[in-house]
Amino acid sequence: MNALKIATMFTFILAIISCTHAPNPIANFENGDLSSIKNNPKNYSKQKIRLGGKILSVNYTDKTTEIEIQSLSLNKSGRPFGDKSKGRFLAIVQDTLDPAIYKENAYFTGVGVILENKNDNYQLILQVSEYKIWQENYNTNRQTVRNGFQSFGRDESPLGMQINLPIRF
């Protein structure tokens, strides 16, 4: 009888552990507003902000990766959504990132501090300390099948809520 209780408890704990998500390194930061930051960069100096969007180009140096990003709106989790550009910024990561993952048209969110702009091509340079790459943008429609139900569209709304549009087949 005790072995059955222990096995049941072990199965329950294993089920709970398997349902947890990996921590999101960018989740506990406020979204930055690119136009406000560009207009008053001194108000944001030495303050960590979160910006993200679509990767336009990536440049690798010896110890850094420079990512040109088309800024997009972010949901509360920091994930880029929509397709209306809010401008461009340069994200500098103090690491050489994998070019197979961090490439043109991927979606990226970074948290960091604003650097003094010494490059006339960019109005804003973000020195990134935490970052996340996203598998796809919210504009991508995809089809998934879960528990006999078919869902069309996004699996998460721009507000971070779960959306399922089940259609029984």
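As the structure is a computational prediction, the values presented were derived from the model and not from experiment. Starting from 1, each residue takes its place in the sequence as its number.
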Quick one, [X] and [Y] - any side-chain contact, counting heavy atoms below 4.5 Å?
{"X": "L74", "Y": "T109", "answer": "yes"}
{"X": "N28", "Y": "V111", "answer": "no"}
{"X": "V58", "Y": "E104", "answer": "no"}
{"X": "I69", "Y": "F108", "answer": "yes"}

Looking only at non-hydrogen atoms, find the nearest pair between [X] and [Y] and report the distance.
{"X": "Q127", "Y": "L115", "result": "OE1-CD1, 3.4 Å"}
{"X": "Y44", "Y": "S36", "result": "OH-CB, 3.5 Å"}
{"X": "L34", "Y": "L124", "result": "CD1-CD2, 3.0 Å"}
{"X": "P80", "Y": "G53", "result": "CG-N, 3.7 Å"}
{"X": "L72", "Y": "K54", "result": "CD1-N, 4.0 Å"}
{"X": "A106", "Y": "I133", "result": "CB-CD1, 3.8 Å"}

Qualifying salt bridge (charged side-chain N to carboxylate O under 4.0 Å, His left out) pairs with a residue from residues 123-135, counting only residues at least two apart or across chains: K48-E130
Distance in Å, [X] [atom1] paired with [Y] [atom2], rounded so as to fall on 0.5 Å steps:
{"X": "N105", "Y": "Q70", "atom1": "CG", "atom2": "CD", "answer": "9.5 Å"}
{"X": "L126", "Y": "Y131", "atom1": "CG", "atom2": "OH", "answer": "13.0 Å"}
{"X": "I37", "Y": "S71", "atom1": "CD1", "atom2": "OG", "answer": "8.5 Å"}
{"X": "L90", "Y": "I125", "atom1": "CG", "atom2": "CD1", "answer": "5.5 Å"}

Qualifying residues under salt bridge (charged side-chain N to carboxylate O under 4.0 Å, His left out), relative to K86, sequence neighbours excluded: none
Check the surroundings of atom CD in Q47: do more than 12 heavy atoms from other residues, nucleotides or ligands lie under 6.0 Å from it? yes
R88 and E68 ion-paired at < 4.0 Å: yes
Please list, chain by chain and in numerical order, all residues satisfying side chain to side chain donor-acceptor pair (under 3.5 Å) with S85, sequence neighbours excluded. none
Residues forming a side chain to side chain contact (heavy atoms under 4.5 Å, CB included) with A27, sequence neighbours excluded: N24
For D98, give me all partners under side chain to side chain contact (heavy atoms under 4.5 Å, CB included), at least two apart in sequence or on another chain. A100, I101
Would you give me the side-chain donor-acceptor pairs under 3.5 Å for residues 60-67, sequence neighbours excluded?
{"residue": "Y60", "atom": "OH", "partner": "Y102", "partner atom": "O", "Å": "3.3"}
{"residue": "T61", "atom": "OG1", "partner": "T64", "partner atom": "N", "Å": "3.2"}
{"residue": "T61", "atom": "OG1", "partner": "T64", "partner atom": "O", "Å": "3.2"}
{"residue": "T61", "atom": "OG1", "partner": "T64", "partner atom": "OG1", "Å": "2.3"}
{"residue": "T65", "atom": "OG1", "partner": "D95", "partner atom": "O", "Å": "2.6"}
{"residue": "T65", "atom": "OG1", "partner": "L97", "partner atom": "N", "Å": "3.0"}
{"residue": "E66", "atom": "OE1", "partner": "N59", "partner atom": "ND2", "Å": "3.4"}

Can a donor-acceptor pair be found, under 3.5 Å and without considering hydrogens, that links the side chain of N31 to the backbone of N75? yes
